[in-house]
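Predicted model only: the values in this text are computed from it and were never measured. Labels below follow one simple rule: chain letters A, B, ... track the order of the sequence lines, proteins then strands, and each chain is numbered from 1.
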Amino acid sequence: MTDHDKTAGRGTPVLQMHKITKTFGNVIANENVSFDLHKGEVIALLGENGAGKTTLMNILFGQYTADHGTVSVFGQRLPAGNPRAALDAGVGMVHQHFTLAGNLTVWENIALGTKGLWGLSMHAAAAKSKIRALSQKFHLDVDPNAKVASLTVGQKQRVEILKALYRDSQILILDEPTAVLTPQETDALFATLREAIALGLSIIFISHKLHEVMAISSRVLVLRHGRLVAERATQDTNRDELARLMVGGDVAQPDIPMRPAGPALLTLNNVSTDQLQDVSLTLHAGQITGLAGVSGNGQSALSDLICGLIAPKSGDLLINGQAPKSWSPRRALSARIGRIPEDRHKTGSIADFDLTENAILETYAQKFAKRGWMNWAGAASHAQHLIDTYDVRCPGPATRIRLLSGGNMQKLILGRVLEEDPQIIIANQPVRGLDIGAVNYVHGRLAAAREAGAAVLLISEDLDEIMKLSDQIHVICEGRLSPAFARGQLDAANLGKWMAGEGGTHAA
Amino acid sequence: MELFDILLSVSFWAAAIRIASPLIFATMGELICERAGVLNLGIEGIMVAGAFAGWISVWAGMPLWFGVAVAMVVGMGFGLLHSILSVPFGLSQHVVGVGITLLATSVTFFTYRVALPEVSSPPKITAFAPVELPILSDIPLIGPALFHQTPLTYAAYVCVALTAWVLYRTPLGLAVRAAGENPSAVAAQGLSVTAIRMGAVIVGSGFMAVGGAFLTMSAFDSFFFEMVGGRGWICIALVVFGAWRPGKALFGAVLFAAFDALQIRLQQTGIGAAIPYQLFLMMPYILSILALVLMSRRAEVPAALMVPFSKGER
C-alpha cells in the first residue's frame with residue numbers, strides 16, 4: 001500500500017510540500033522532500049542538526065526560495081519567497097530564536113502587522129481582549145500589557161504561539177520549541193498543543209528529542225542529510241528505531257557508570273556574589289558534577305567564579321582544602337582549572353584564525369613564545385597533535401576554524417583544554433548543537449578525564465545529558481543552588497521543580 | 001539680579017523657542033530614522049541643502065510654503081540615497097551618513113555658485129513673519145513666547161505632535177519601533193523591514209531639510225554657508241538626550257536653545273564685560289553635555305540601531 005492510499009480517506013491535506021530541493025552553494029540542504037499534513041494531525045520532523053529541518057520550514061514559510069518543488073496550503077499553491085503569503089494562508093511559525101521586539105509590549109508584538117499599516121488607530125482594546133480570550137482558551141497565561149523584555153523564556157514562547165493563534169492560523173510550525181523550557185513548561189506546552197489539535201489545528205513539531213516526538217506526534221518524518229529517509233506512524237515505532245533512522249546506523253552510547261567521590265578539589269562554602277546567593281558546592285576528584293537549570297539563572301556567574309574572573313563577596317572558596325590568598329584568573333590557572341566555554345563560536349574560538357592559532361590561544365605566551373618571538377613551528381606541531389589525538393576532521397592546521405563543523409570545532413577546543421591535563425574541568429554546554437556522534441565522543445572524553453582523576457563540572461540545560469553523566473547533581477535557579485543529589489535520586493519531573501524554583505518548598 | 005530679569009523676560013523665551021525650532025524639526029527627523037534602526041549622519045548636510053533649496057526657491061519667485069515643500073523634497077531625495085546605501089545594501093551607516101553630509105554640502109555649494117555667479121553677498125528674501133495666534137498669545141509670559149512666532153515654528157509644534165502620534169498610536173509607528181528593536185520580528189509578521197526602514201529615513205530626512213529651511217526662511221532671510229554650523233550634530237545628541245522619545249527630545253531642544261539665548265544676553269551684562277565672550281559661546285554645549293550625562297544614563301537604545309538586516313541569509 002502506498003502512502004497515498006493510506007491518506008486517501010482523510011480529505012485534502014491542509015499542507016502539501018512537493019519535491020522540495022534547496023542547495024546553498026555546493027551544500028544540499030533539502031533534496032526531493034515531499035510530505036502531506038492533514039487536519040488535526042501532529043507531524044514530527046526529526047533529524048540531527050544540519051539534516052535540513054529548519055531549511056525546509058523556512059521554505060514553507062517563505063524565508064527561503066526553493067530551487068525546485070512547490071508548497072500548497074488548503075490546495076492553493078503558495079508563491080515562493082513570500083512570508084506574507086504563508087501567513088495569510090493560515091500558516092503560523094514559532095521560531096526557535098524568538099522574533100519579538102523587547103521594547104514593545106506583549107499585545108503590540110502580537111498585533112504588529114495584523115492591521116493595515118496606514119490605519120489611524122491600533123484598536124488596542126479589541127486586540128487585548130482577543131489576546132485575553134485566546135490566552136484562556138489555550139491556557140497561555142501572559143499579561144498583554146507586559147513589556148516583552150521583562151518576560152521569562154517560557155512566557156516569551158507563549159507570546160510567539162499567541163502571535164500565530166491571533167492570526168487564526170490553522171497550521172502551527174514549532175521549531176525546537178522545548179530547547180529552552182523546563183520539563184514543567186514543556187508539559188504545559190504539550191497541553192496547549194493538544195488543545196489546539198482538538199480544535200482542528202494541524203501541527204508540525206520539529207525536534208531531535210525522541211521522547212518528546214513519541215509523546216506528542218501522530219506521525220514521524222525522519223530527515224537525514226537533507227533527504228526524507230523514513231516515515232512512521234508513531235504508534236508503530238519506538239525510540240531505538242527512530243534513533244537509528246536519524247543517525248543512519250547503530251549508535252553506541254558510552255555507558256558511564258557512577259563513581260565514588262575522591263578528595264574534594266574545589267569547595268565553595270556559602271559563597272555569594274552579585275548574581276549568586278549562598279552557593280555551596282564541592283567538586284570531587286574522579287566525579288562529574290552536573291549543574292542543571294534554565295540558562296541565565298547564574299550558570300555563567302558560577303563558572304566565572306570558579307575560573308577566577310569574579311571573586312566571592314562573602315563565603316569561602318577552597319582549593320584542595322586550602323583558601324587561596326586571593327582569587328584571580330591566574331590563580332585559577334595555576335590551580336589547573338580548564339574551561340570549555342559556553343559558546344564555541346563567540347568565546348571559544350576566533351572564527352577567522354586558523355586551527356594552529358586557535359589551538360594555542362590560551363597557552364601561547366607560556367608555551368609557544370621565546371624572548372618575545374612566536375614559535376610557530378612548535379605551535380603547528382601542537383595543533384597537528386590535537387588534530388590527530390582528538391579526531392578533528394579537517395584539511396590541516398592551517399585551515400580557518402570557521403570552515404569546520406560544530407563537532408570538529410568542539411573537538412579542537414576539548415583537546416586544547418584536556419591536553420593541559422586539568423585538575424578541574426568546567427564544561428559549559430559542551431554538546432549543544434552537536435550531532436549524536438560528536439556528542440558521544442565529547443561525553444566519552446569527559447568520562448575519561450574523570451577516570452584519570454579530574455573533577456568535572458558539567459553545566460547543561462539538557463536534563464537527559466545531566467542525568468546520564470553526572471555522579472552528583474545540583475540545580476541552579478535565580479542564583480541559588482539546590483543541595484547535591486546523587487544520580488537517580490530525583491527524576492526529571494522533580495529536577496524540573498527545582499529548575500522552576502519550586503523544589504525547596506517541601507524538601508527544605 | 002540680572003539673571004532673573006533675563007529668565008523672566010518674554011523676549012528671552014521667545015528667542016529660545018525661535019532658536020529651538022530648526023532643532024525640533026531636525027531632531028524629530030533623526031529620531032524617526034533611529035527608531036527604525038538607521039543612524040542618519042547625513043543630517044548636517046541635509047540641513048544645509050534644505051536651507052539653500054527653500055531660500056533659492058523663494059528668491060526665484062516661488063511662494064514661501066512652496067519653498068518649504070522644495071526643501072522637504074530635496075531632503076527626501078538625499079534620504080532616498082542614504083536609505084538605498086544603508087538599508088538594502090547594508091553599508092556602514094557611519095560612512096554613508098558622513099558621505100551624504102559631504103555630498104549634500106558640496107552640491108549645495110556648487111549649485112549656489114552656478115545659480116549666483118556674480119554676487120558677493122547673498123540676496124535677501126521676504127521671510128516668514130511672526131503671526132500672533134488669537135487667545136493663546138494672551139496667556140501671560142508663555143503666551144507671547146510660544147504663540148507670537150512665525151508659522152514655521154507652529155509647524156515645528158505640529159511636527160512633534162505628529163511624530164509622537166504616529167510612533168505610539170498607529171500600526172505604522174509600531175512597525176517602525178519594532179524595526180529598530182528586532183527586525184526579524186517585523187519580517188516574521190510578513191512586513192518588509194527594507195520598506196519600513198527606507199520610508200523612515202526618507203521622511204526623517206525631509207524633516208531635517210525643513211529644519212535647515214527654517215534658518216533661511218524664518219530665523220534669517222538669507223543664505224550663508226556656515227549658517228547650519230553644527231546644529232545637525234547637536235540634534236544627534238538631542239535624540240540621545242531625549243531617550244528616543246519625541247516629548248523628551250522636544251524638551252532637550254528647548255533647553256539647549258534657552259542656554260544659547262541666555263549666553264547671548266549674559267554677554268551684555270556686567271559679568272559679560274569681565275569674562276571673554278568665547279566662554280559664553282561654550283556654555284550651551286557644556287551644559288548640554290552635562291544634561292546628556294545626567295539624562296541618558298537609563299535610556300533604552302533601539303536594540304537594532306545600526307544593525308543591517310538581510311533575510312534568508314545563512
Side-chain angles (χ1 to χ4, degrees), chain A residues 22-25 27 29 50 54-55 58-59 61-65 80-89 91-105 107-124 127 147-149 156 159-160 163-164 166-167, chain B residues 31-32 34-37 161-200 202-203 239 242-246 248 298-305 307 309-314:
Chain A
K22 172 74 181 173
T23 53
F24 294 98
V27 184
T54 302
T55 306
N58 280 331
I59 289 167
F61 206 66
Q63 302 279 12
Y64 297 153
T65 308
N82 183 357
R84 180 114 232 171
L87 280 170
D88 291 346
V91 182
M93 179 143 178
V94 175
H95 292 266
Q96 186 178 2
H97 305 288
F98 300 145
T99 53
L100 299 170
N103 67 341
L104 305 184
T105 61
W107 79 264
E108 286 176 325
N109 266 288
I110 293 171
L112 174 65
T114 55
K115 288 269 186 315
L117 279 187
W118 304 105
L120 293 185
S121 159
M122 295 203 280
H123 305 289
K147 272 251 169 80
V148 162
K156 283 183 186 166
V159 179
E160 280 278 313
K163 262 165 67 170
Y166 187 86
R167 289 173 173 269
Chain B
L31 189 143
I32 292 166
E34 294 193 17
R35 263 307 174 93
L162 195 68
T163 304
W165 177 72
V166 170
L167 275 182
Y168 291 102
R169 295 268 178 255
T170 69
L172 180 67
L174 181 60
V176 169
R177 286 184 290 142
E181 186 72 12
N182 183 1
S184 44
V186 176
Q189 294 282 55
L191 301 173
S192 163
V193 177
T194 308
I196 289 166
R197 286 188 162 180
M198 286 184 71
I202 292 168
V203 171
V239 172
W244 290 270
R245 292 174 166 276
K248 277 189 174 178
R298 279 167 293 121
E300 285 176 28
V301 190
L305 182 61
V307 184
F309 177 76
S310 56
K311 70 163 194 169
E313 288 234 324
R314 180 160 160 151

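Only the backbone of L100(A) comes within contact range of chain B, with heavy atoms under 4.5 Å apart. Neither the backbone nor the side chain of A303(B) comes within contact range of chain A; no heavy atom of the residue lies under 4.5 Å from a heavy atom of that chain. Looking at L112(A), the atoms closer than 4.5 Å to chain B (heavy atoms on both sides) sit in the backbone and in the side chain alike. Contacts of N103(A) with chain B are made by both backbone and side-chain atoms, with heavy-atom separations under 4.5 Å. Heavy-atom distances place no part of H123(A) under 4.5 Å from chain B, backbone and side chain included. Looking at F98(A), the atoms closer than 4.5 Å to chain B (heavy atoms on both sides) all sit in the backbone: N, CA, C or O. Residue I59(A): no heavy atom, backbone or side chain, is found under 4.5 Å from chain B.
No side-chain heavy atom of L104(A) sits less than 4.5 Å from a side-chain heavy atom of V148(A). Residues I32(B) and V166(B) have side chains not in contact (no heavy-atom distance under 4.5 Å, counting atoms from C-beta outward). At least one side-chain heavy atom of L120(A) sits less than 4.5 Å from a side-chain heavy atom of W165(B). Using a 4.5 Å heavy-atom cutoff, the side chains of P183(B) and R197(B) are in contact.
Other residues, nucleotides and ligands contribute more than 12 heavy atoms inside 6.0 Å of the CZ atom of R177(B).
Of the listed residues (T99(A), N109(A), T114(A)), just one forms a side-chain hydrogen bond (donor to acceptor under 3.5 Å, both in side chains) with K163(A), and that residue is T99(A).
When each of V186(B), T170(B), L174(B), I196(B) is checked for heavy-atom pairs under 4.5 Å with chain A, L174(B) comes out on top. Of the listed residues (A304(B), P171(B), G180(B)), the greatest number of heavy-atom pairs within a distance under 4.5 Å of chain A belongs to P171(B). Note: G119(A) leads G116(A), G119(A), A85(A) in heavy-atom pairs under 4.5 Å with chain B. For the options E108(A), M122(A), M93(A), heavy-atom pairs under 4.5 Å to chain B are most numerous at M122(A).
Between H95(A) and E160(A), the shortest heavy-atom distance links the atoms N-OE1, 3.4 Å.
Residues meeting the salt bridge (Lys or Arg N to Asp or Glu O under 4.0 Å) test with E181(B), sequence neighbours left out: none.
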